[in-house]
Amino acid sequence: MRAESWIQKVADVTTGTRVAKGQPLMEVYSPSVASASAEYIATVTSKTTGGDGPLGRGSRQRLMNLDVPDAAIVAMEKNRTVPIAVEWSAPRDGIVLERNAVEGMRAQPGDVLFRIVDHNVVWVM
């Protein structure tokens, strides 16, 4: 997370649960992301700017800087709508070691909401 957010919904994932890459973990609302999304959609759909010109790339980069998942940005481009909440997915296959996300909680940039470990490589002594 790179913006102050509120967790709207958390998937049925607890400590010890095996997750797959891309599996939804939570839905998050962020005023910063909503503002950047509205700016991006306005720029892309504007008759003046003509779509994905340099202004569209700048607006898209702002979303990427806020760490909005690529799937959410592509959905915005396809639907031409601003989402109320953004779905965050598991970044890799693994097991949930830590789940700090709770519905309704406020998350600050840098907060650890899920800790997922990949057990593909294990060292034994």
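When a residue number appears, it is its place in the shown sequence, counting from 1.
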| task | Dump the intermediate steps for side chain to side chain contact (heavy atoms under 4.5 Å, CB included) on I95 and I116, then the final yes or no. | result | CA-CA 5 Å; I95 297 174; I116 300 171; over 6 Å; no
Give a yes or no on whether the backbone of K21 and the side-chain of D93 come within a donor-acceptor separation of less than 3.5 Å. yes
Using side-chain heavy atoms (C-beta onward) and a distance below 4.5 Å, is E77 in contact with R60?
yes
Establish whether V82 and L66 are linked, either directly or via other cluster members, by ILVMFWY side-chain heavy-atom contacts under 4.5 Å. yes
Exercise. Do R99 and L25 come close enough that some side-chain heavy atom pair is under 4.5 Å?
Worked result: no
- Task: Would you mind reporting whether S59 and L63 have side-chain heavy atoms less than 4.5 Å apart?
- Result: no
Polar side chain donor-acceptor pair, T17 to T14, under 3.5 angstrom
yes
Side chains of V117 and V96 in contact at under 4.5 Å (non-hydrogen atoms): no
| Does V44 offer a backbone N or O that forms a donor-acceptor pair with the side chain of S46 under 3.5 Å? | no
Closest non-hydrogen atoms of S30 and A3, given as atom of the first, atom of the second and distance, are OG-CB, 3.6 Å
**Message:** Is there a path of hydrophobic side-chain contacts, each under 4.5 Å between heavy atoms of I/L/V/M/F/W/Y residues, joining V10 to M105?
**Reply:** yes
Is it true that K9 and E87 have a side-chain N and a carboxylate O under 4.0 angstrom from each other? no
Given 3.5 Å as the limit, does a donor-acceptor pair link the side chain of R106 with the main chain of S5, or not? no
(Q) So F114 and V19, do their side chains get closer than 4.5 Å, heavy atoms only? (A) no
*With the side chain counted from C-beta on, respond yes when Q8 and V28 share a heavy-atom pair under 4.5 Å apart, and no when they do not.*
no
The side-chain hydrogen bond (donor to acceptor under 3.5 Å, both in side chains) partners of D111 (sequence neighbours excluded) come to none
query = Taking it one step at a time, do E27 and V86 satisfy side chain to side chain contact (heavy atoms under 4.5 Å, CB included)?
reply = CA-CA 5 Å; E27 288 183 8; V86 176; over 6 Å; no
Subject >> Min side-chain heavy-atom separation V68-M64 under 4.5 Å >> reply: no
| task | Determine yes or no for a side-chain-to-main-chain donor-acceptor pair under 3.5 angstrom, with D118 supplying the side chain and G94 the backbone. | result | no
**OP:** Check whether any side-chain N or O of S37 sits under 3.5 Å from a backbone N or O of V33 as a donor-acceptor pair, and report yes or no.
**Re:** yes
In short, R18 meets Q23 closest at the heavy-atom pair O-OE1, 4.2 Å
Checklist entry - With a 4.5 Å limit on heavy-atom distance, are the side chains of W88 and P69 in contact? => result yes
Does E39 come within less than 4.0 Å of R62, counting only side-chain N to carboxylate O? yes
Show the numbers, then the answer: is there a side chain to side chain contact (heavy atoms under 4.5 Å, CB included) between M76 and I41? CA-CA 7 Å; M76 283 182 235; I41 295 302; 3.9 Å; yes
